Amino acid sequence: DGLLTPRESARFVAENSRDVRVDGGGVRRVAELLLAAASGAALRAAAWKARHELHPRAADEAAVNWVFVTDTLNFSFWSERDEHGCAVGYGGGTYTGYWALCAALNRALDEGIPITSARYYATVTLDQVRHILRSDTDVSMPLIEERHRILNETGKILLEKFGGSFLNCVRKSEKSAQKLMHLVVESFPSYRDVTQFEGKRISFYKRAQILVADTWSVLEGKGDGCFKDISSITMFADYRLPQVLVYLGALKYSDELLKKLLKGEMLSYGDKQEVEIRGCSLWCVELIRDCLLELIEKKGKKSDGEINSILLDYYLWDYARDHREEMKGIPFHRTRCIYY
């Protein structure tokens, strides 16, 4: 149907982009920064569990269902007021952004609310969702009504098509990451991150790809999570990764675009500049990965296991959080949508 894959989409966008460009020297510098990480634990498949105490420790069906409901809601956490957004206190910590979602879901489970059960969230009410995702600040999590609608829709489909368990969906993919990604996108409408650019239909599939990646991670790349083509998954085009790539000099914005972002102007989903930011950042990470693999080979270094774009994404996303203060002057693009 002429729909480009995320990698093809990214390449096409990068080749036809006007306001965003990938900087070759910057790509190399980021690859060199990552080379140091490549010999440590940061770029290993186990990094996802090690990243945070809020992620499940187990590698079982319950953990897979946790990952599914989390990534079904894994979108749009940025706050209109930079300093002050939704925050969830849990287990002695206070969490914001994506981690606020994880904390809220874990808090619900502790309260005896079966939020990871499709049977429950297929019929959960808006008021129940408001309670589950409640914030400790006066700013609630964005798009609550959309989150509610998507939970109901996704729960019903999971019950109808996959017996209520995402593990059944994973098993249908026959250990192919691509097959699982397409199965998710075909089955669940909210995962269809598809738009138009310069007359072509393009896809970034941010949430579908992160779902495949997190499934691989929670299952530690073993058993049902042993995807033979896991390195075909690209990075997850969101609003945080482009910001860190600009900060690190691998991505460059035109003055016009930079001015717009510094003013805090909203870009709508599918807007030419929004697509350029996402497409170029995805392509940028593909090039960083290629460069990093070259550097590893040149140095005769052995990296444990495969270096893929998923692990680079996890690393750079965490890097962005750890360097929030230094990155203050670099704007992120503001797009309010369910796809990222």
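We number each residue from 1, following the sequence as shown. Please read these numbers as outputs of a predicted model, since none were measured by experiment.
Not counting sequence neighbours, Glu326 has no partner by the salt bridge (Lys or Arg N to Asp or Glu O under 4.0 Å) test. Every residue meeting the salt bridge (Lys or Arg N to Asp or Glu O under 4.0 Å) condition with Glu265, not counting sequence neighbours, appears here in chain and number order: Lys263. For the salt bridge (Lys or Arg N to Asp or Glu O under 4.0 Å) test, no residue two or more places apart in sequence or in another chain qualifies with Glu160.
Side-chain contact between Phe227 and Lys179 is absent, with no heavy atoms from C-beta onward closer than 4.5 Å. By the 4.5 Å heavy-atom criterion applied to side chains, Leu245 and Ile288 are counted as neighbours. The shortest distance between side-chain heavy atoms of Ile277 and Leu257 falls below 4.5 Å. Under the 4.5 Å side-chain criterion, counting only non-hydrogen atoms from C-beta, Leu54 is in contact with Asn106. The closest side-chain heavy-atom distance from Leu133 to Ile144 is below 4.5 Å. Here the side chains of Ser281 and Met235 are in contact, with some heavy-atom distance below 4.5 Å. With contacts defined as side-chain heavy-atom distances shorter than 4.5 Å, the pair Val244/Met327 qualifies. Looking only at side-chain heavy atoms (C-beta outward), Leu316 and Leu248 come within less than 4.5 Å of each other.
For Arg147 (side chain) and Pro142 (main-chain N/O), a donor-acceptor pair under 3.5 Å exists by modelled atom type. When atom types are taken as modelled, the side chain of Ser9 and the backbone of Leu4 share a donor-acceptor pair closer than 3.5 angstrom. No donor-acceptor pair closer than 3.5 Å links the side chain of Lys49 to the backbone N or O of Pro56. Looking at Glu61, its side chain never comes within 3.5 Å of a backbone N or O of Leu167 through a donor-acceptor pair. Put simply, the side chain of Thr137 gets close to the backbone of Gly85: a donor and an acceptor are under 3.5 Å apart.
Taking a 6.0 Å sphere around CZ of Arg321, one finds it holds more than 12 heavy atoms contributed by other residues, nucleotides or ligands. Counting heavy atoms of neighbouring residues, nucleotides and ligands inside a 6.0 Å radius, atom NZ of Lys259 does not exceed 12 of them. By the neighbour-count criterion of 12 heavy atoms within 6.0 Å, atom CG of Asp255 is sparsely surrounded, having that number or fewer from other residues, nucleotides or ligands.
In this pair, Trp66 and Trp48 present their aromatic rings perpendicular. The plane angle is above 60°, beyond the 30 to 60° band. In this pair, His333 and Tyr340 present their aromatic rings tilted. The plane angle is within the 30 to 60° band. Aromatic ring orientation, Phe236 versus Tyr314: tilted (interplanar angle from 30° to 60°). Taking the six-membered ring where the residue is Trp, Tyr98 and Phe77 present perpendicular rings, their angle passing 60° and hence far from 30°. In this pair, Tyr191 and Phe68 present their aromatic rings parallel. The plane angle is below 30°, not in the 30 to 60° band.
For the residue pair Arg207 and Asn74, the shortest heavy atom distance occurs at CD-O, 3.1 Å. Residues Asp71 and Leu211 come closest through the heavy atom pair OD2-CA, 3.4 Å. Here the closest heavy-atom approach between residue Ser135 and residue Ala87 is recorded as OG-N, 3.1 Å. Taking all atoms of both residues into account, the shortest heavy-atom contact from Gln178 to Ser232 is NE2-OG, 2.9 Å. Listed here is the closest heavy atom pair of Ile307 and Leu293: CB-CD2, 3.8 Å. When all heavy atoms are compared, the tightest approach of Ala59 to Leu219 is O-CD2, 3.6 Å.
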Step-by-step side-chain hydrogen bond (donor to acceptor under 3.5 Å, both in side chains) determination, His131 to Asp127: CA-CA 6 Å; His131 172 75; Asp127 279 343; over 6 Å; no
CA sep, side-chain torsions, deciding dist, call: Thr195, Tyr339, side-chain hydrogen bond (donor to acceptor under 3.5 Å, both in side chains): CA-CA 11 Å; Thr195 187; Tyr339 298 111; over 6 Å; no
Tyr121/Leu158 under side chain to side chain contact (heavy atoms under 4.5 Å, CB included): CA gap, chis, key distance, verdict: CA-CA 10 Å; Tyr121 61 80; Leu158 196 65; 3.5 Å; yes
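Exactly one residue among Arg7, Gln209, Lys206 makes a side chain to side chain donor-acceptor pair (under 3.5 Å) with Thr234. That residue is Gln209.
At least one cation-pi condition fails for Arg171 and Phe162: the charged atom is not both under 6.0 angstrom from the six-membered ring centre and inside a 45 degree cone around its axis. Note that Arg240 lies in the cation-pi zone of Phe332, set by a 6.0 Å cut-off to the ring centre and a 45° limit from the axis.
A distance of 9.0 Å separates OG of Ser17 from CD of Gln273, quoted to the nearest 0.5 Å. The distance from the CH2 atom of Trp99 to the NE2 atom of His52 is 5.0 Å, given to the nearest 0.5 Å. Here CG of Asp313 is found 9.5 Å from CG of Asp318. Values are rounded to the nearest 0.5 Å. Remark: Ser203 OG to Asp193 CG distance equals 7.5 Å, nearest 0.5 Å. Distance check: Thr123 OG1 to Asn152 CG gives 7.0 Å after rounding to the nearest 0.5 Å.
Between Lys260 and Glu256 there is no salt bridge, since no side-chain N of the basic residue sits under 4.0 Å from a carboxylate O of the acidic one. Taking a cutoff of 4.0 Å between a charged side-chain nitrogen and a carboxylate oxygen, Arg28 and Glu294 do not qualify as a salt bridge. Ion pairing between Arg149 and Glu145 fails under the 4.0 Å rule for side-chain N and carboxylate O. For Glu153 and Lys156, the salt-bridge test fails: no basic side-chain N is under 4.0 Å from an acidic carboxylate O. A salt bridge between Glu286 and Arg289 is present, with a side-chain N of the basic residue lying under 4.0 Å from a carboxylate O of the acidic one.
For Ser231 and Asn308, the side-chain atoms include no donor-acceptor pair closer than 3.5 Å.
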